[in-house]
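Just so it is clear: chains get the letters A, B, ... in the order the sequence lines come, proteins before strands, and each one is counted from 1. Note that these values count all heavy atoms, side chains included, but never hydrogens, waters or copies made by symmetry.
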There are 2 protein chains.
Amino acid sequence: MVEKQRRKPGETREKLMSAALTLVGKGRHFASLGIREVTRQAGVVPTSFYRHFRNMDDLGLQLVDELGLVLRRMMREARNNVLQADKLMEESVGIFISHVQANRSFFFFMAQGLAGESRAVQEGIRSEMRFFASELANDLRRLRLAEHLSDGDLDMTCDLVVRSVAFSLTDLLGVAPDDDYQIDQIRRRTTRFLQLIFVGAAHWKSEGT
Amino acid sequence: MVEKQRRKPGETREKLMSAALTLVGKGRHFASLGIREVTRQAGVVPTSFYRHFRNMDDLGLQLVDELGLVLRRMMREARNNVLQADKLMEESVGIFISHVQANRSFFFFMAQGLAGESRAVQEGIRSEMRFFASELANDLRRLRLAEHLSDGDLDMTCDLVVRSVAFSLTDLLGVAPDDDYQIDQIRRRTTRFLQLIFVGAAHWKSEGT
DNA sequence: TACCGTTGTGTACAGTTGTTCACTTATGTG
DNA sequence: CACATAAGTGAACAACTGTACACAACGGTA
């Protein structure tokens, strides 16, 4: 007699994905995870894996999609909550950090994927970052905060902003999630990076002429 | 009769390390490499591994040390060849890119290690980057290129510079090594990033007062 | 020359891996 | 209700893994 568990449709799929994330969150690298390991963590029999994914790379790709959702939520919150332009950067960095804390495993996965072994995952994450940068550029245009910059220069600036924040991710994931002191240091530093970049953008090319 | 190969002392050790690097250079992630796999690539029997390393993490740590040498060579070359201050950034980025091309596997390893699973390797690479940033700050002070900045602000600026260049690493490693067009795009973009940062540094705090 | 520590070799073994197969059970549509 | 399909299960396999052991050849030193 086979005891088949009753589950909602797609529940095992979710279990597998979050099992992989859990392992990544525990410090394991996604590239080193095996199918059996993930199914074990998910409390599911190994063969179930193949019902939902072709292999680990496939699972990784689907995680990238979910990561996209997380990033979009973050962006939406930033858009809604950053009202006054003068505190724009402090608040944005704050929102970023709190989202990282709330979805630590996801961001572990993101940081790993940037130099990961699956080209597809890598390209997926990179494209999420490009999207993020272009949305940021739109916002700045809309808020009339960068009217002296050409489109190309604004894109470059936003690209650099996104990269700097993304790099802070590795700092953030390197400290304990409850180490408030260190986290505050990172928050300050990241904010100053962004301020420096925008000071640069404000004077960009205005001196070469 | 056991045919023992004659090798220079430490030759097998080197073979193992460069075998790991080779695999990483082929797109594999360091965290997913196994002892047997590395020894196979090195053309050595699995048990030999333990004569030189306690486990793969240990090998990784020793690779970080060698990476340090590569980075120092790069820094030295930059110091010798960058003579005129106005081309400082173009030339530095150029030297960086050519070193990456010449030691591709090493830089693959570096990019992976930043979000790798061994905390020790991670910390090692991070510390190499800190060292690099502080040396850069020294140089700028020495060349009297940043006299209006406080020590703290100069450190921050150099930190941001190093991070931006390091992030370009992932771009660089993502394109084929002979894709000259793309590489030139990356070179241009990275250079502009640095210029933007230094424009920011030049006007830093001069406006808040 | 005799000796010893280092390094390389071959064999062995238990544990884990990815994947296939034949099966049972649940679910939703006609 | 019947039935096709999706989603779960367990057993099995060959291949591979890390690691241990005993042994052999080398290099240097006394």
Phosphate-side-chain proximity, A:Thr47 and D:dG10, N/O vs OP1/OP2 below 4.0 Å
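Answer no for this pair, as no side-chain N or O of A:Thr47 is under 4.0 Å from OP1 or OP2.
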N or O in side chain of B:His52 less than 4.0 angstrom from C:dG8 OP1/OP2
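B:His52 to C:dG8 OP1/OP2: side-chain N or O found under 4.0 Å.
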Could you tell me the separation between the [atom1] atom of [X] and the [atom2] atom of [N], rounded to a whole number of Å?
X	N	atom1	atom2	result
B:Lys15	C:dG8	NZ	C1'	11 Å
B:Arg13	C:dG8	CZ	C1'	16 Å
A:Glu11	C:dT27	CD	P	11 Å
B:Arg51	D:dA24	CZ	P	14 Å
B:Gln41	D:dT17	CD	P	13 Å
A:Tyr50	D:dT9	OH	P	15 Å
B:Asp57	D:dT19	CG	P	11 Å

Quick one, A:Ile97 and A:Gln101 - any side-chain contact, counting heavy atoms below 4.5 Å?
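The answer is yes; the side chains approach within 4.5 Å.
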How are the rings of B:Phe30 and B:Phe109 set to each other: parallel, tilted or perpendicular (split at 30° and 60°)?
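Because their plane-to-plane angle is over 60°, the rings of B:Phe30 and B:Phe109 count as perpendicular.
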Residue from B:Val38, B:Ile35, B:Leu61, B:Leu59 passing side chain to side chain contact (heavy atoms under 4.5 Å, CB included) with B:Phe53:
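It is B:Leu59; the other options fail the test.
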For residues 130-138 of chain B, dump all side-chain donor-acceptor pairs below 3.5 Å to protein atoms at least two apart in sequence or in another chain.
residue, atom, partner, partner atom, Å
B:Arg130, NH2, B:Glu123, OE2, 3.1
B:Ser134, OG, B:Phe131, O, 3.0
B:Glu135, OE1, B:Arg79, NH2, 3.1

Rounded to the nearest 0.5 Å, how far does CG of B:Leu173 lie from CD of A:Gln122?
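Atom-to-atom, A:Gln122:CD and B:Leu173:CG are 8.5 Å apart.
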Please give me every residue in residues 29-40 of chain A whose heavy atoms get under 4.0 Å of an atom in DNA chain C, ordered by residue number.
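Heavy-atom contacts with DNA chain C come from A:Gly34, A:Ile35, A:Arg36, A:Arg40.
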So what does B:Phe49 touch, heavy atoms closer than 4.0 Å: a base, only the sugar-phosphate, or nothing?
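Contact class for B:Phe49: none.
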I need the full list of salt bridge (Lys or Arg N to Asp or Glu O under 4.0 Å) pairs touching residues 20-36 of chain A, with sequence neighbours left out, sorted by first then second residue.
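Salt bridge (Lys or Arg N to Asp or Glu O under 4.0 Å) check on residues 20-36 of chain A returns A:Arg28-A:Glu37, A:Arg28-B:Glu117.
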